[in-house]
Amino acid sequence: MKRSSTPLRYTLLTYRLDHLWLPAAFWALFLLLILFVPQPESKTNMAAAYLGGALPLLAGILAAYAILDDPALELQFSSPRPAWRTLFERLGMILVIVGLFAFSYQACMALIGIDLSPLGGIALRQLAWLVPCLALMALGSAGAFALAQPAAGAMLVALIWMVELLLRSWFASNEWGRYLFIYMGIYAPQNPYLIASHASLLALSLLLLAGSWALLKNQERYI
């Protein structure tokens, strides 16, 4: 028990808290913008943009830096621990942090009377941010390992995020593009392919995570 809990405690103690400043700043920024926007529809759109747009981008960037940015990476790799457990702990911590920001933001929206029902029921609202967060986290992690650089993984996340944002109409309507569309939950929540899109992104996330696990096993490449 001690052997399995020590690495997790190490992860908690050595996690770079400066990585939390950016998500916290975006959380506060979007909250302030909503308070100053007069139109109710604009408030809802901005809340959706944070949950399904800004939060997944931040999650993907954090995931790219989750392991390879560790200053004691060589010491981590010297421990007899499977690669999947290291990956699970680091990305799991980021997912918990992202979830706290998402749920607290929704709680604030409820307190100030912002209606998020256009995004669907409670379950669909959670999928609107959770699915793109998982997809970009998996992409950021796999990109960082494939390119052996956290910054490269983060840039890959930002590139995909921007391309899909600019071409959102095409992705939402294209026969194949909609299955890769990370903004479906906030841009077209009534689309009949919404669930299929979410399922496709989750499957792709699993494939990317499997790729990350396979790449991480070759630890000598990152020391």
Side-chain angles (χ1 to χ4, degrees), residues 7 10-11 14-27 49-50 52-79 81-99 101 129-168 170-171 176-177 179-183 200-223:
Y10 168 83
T11 301
T14 59
Y15 186 79
R16 292 183 56 181
L17 294 180
D18 55 316
H19 286 175
L20 297 179
W21 285 111
L22 188 58
F26 269 76
W27 189 98
Y50 172 77
L55 204 55
L57 173 63
L58 296 171
I61 292 174
L62 291 178
Y65 286 90
I67 295 178
L68 296 186
D69 197 42
D70 189 341
L73 187 62
E74 187 172 355
L75 179 61
Q76 276 278 70
F77 284 162
S78 66
S79 63
R81 303 180 67 246
W84 68 263
R85 180 170 293 177
T86 300
L87 188 67
F88 176 81
E89 288 177 356
R90 293 301 180 99
L91 296 185
M93 179 181 294
I94 292 174
L95 186 59
V96 169
I97 292 171
V98 169
F101 279 111
W129 65 266
L130 180 59
V131 171
C133 279
L134 290 173
L136 291 186
M137 284 174 62
L139 177 64
S141 177
F145 290 129
L147 301 171
Q149 280 290 338
M155 290 179 63
L156 179 61
V157 167
L159 177 63
I160 297 299
W161 185 90
M162 181 60 68
V163 168
E164 293 210 7
L165 179 63
L166 295 175
L167 301 178
R168 56 189 180 276
W170 182 87
F171 275 96
W176 299 106
Y179 297 110
L180 302 174
F181 189 35
I182 61 174
Y183 302 111
S200 175
L201 287 173
L202 288 175
L204 182 59
S205 300
L206 290 176
L207 289 176
L208 288 171
L209 288 174
S212 295
W213 168 64
L215 290 167
L216 182 57
K217 289 193 294 184
N218 185 18
Q219 297 176 348
E220 294 80 6
R221 184 168 180 254
Y222 309 111
I223 297 177

Grab the two heavy atoms, one from [X] and one from [Y], that are nearest each other, plus how far apart they are.
X      : Y      : answer
Ala158 : Leu57  : CA-CD1, 4.0 Å
Pro56  : Trp129 : CG-O, 4.3 Å
Met137 : Ala59  : CG-O, 3.5 Å
Leu68  : Pro150 : CB-CG, 3.7 Å

Kindly indicate whether the side chain of [X], heavy atoms from C-beta on, has any atom under 4.5 Å from the side chain of [Y].
X      : Y      : result
Leu134 : Leu95  : yes
Phe145 : Ile67  : yes
Leu91  : Ser141 : yes
Trp27  : Tyr50  : yes

Could you state the interatomic distance from [atom1] ([X]) to [atom2] ([Y]), rounded to the nearest 0.5 Å?
X      : Y      : atom1 : atom2 : result
Ile160 : Leu180 : CD1   : CG    : 9.0 Å
Leu139 : Leu209 : CG    : CG    : 10.5 Å
Leu201 : Leu206 : CG    : CG    : 11.0 Å
Ile94  : Leu58  : CD1   : CG    : 11.0 Å
Leu215 : Leu87  : CG    : CG    : 10.5 Å
Leu55  : Ile97  : CG    : CD1   : 11.0 Å

Please check: side-chain N/O of [X] versus main-chain N/O of [Y], any donor-acceptor pairing under 3.5 Å?
X      : Y      : result
Trp213 : Phe88  : no
Ser212 : Leu208 : yes
Tyr183 : Trp161 : yes

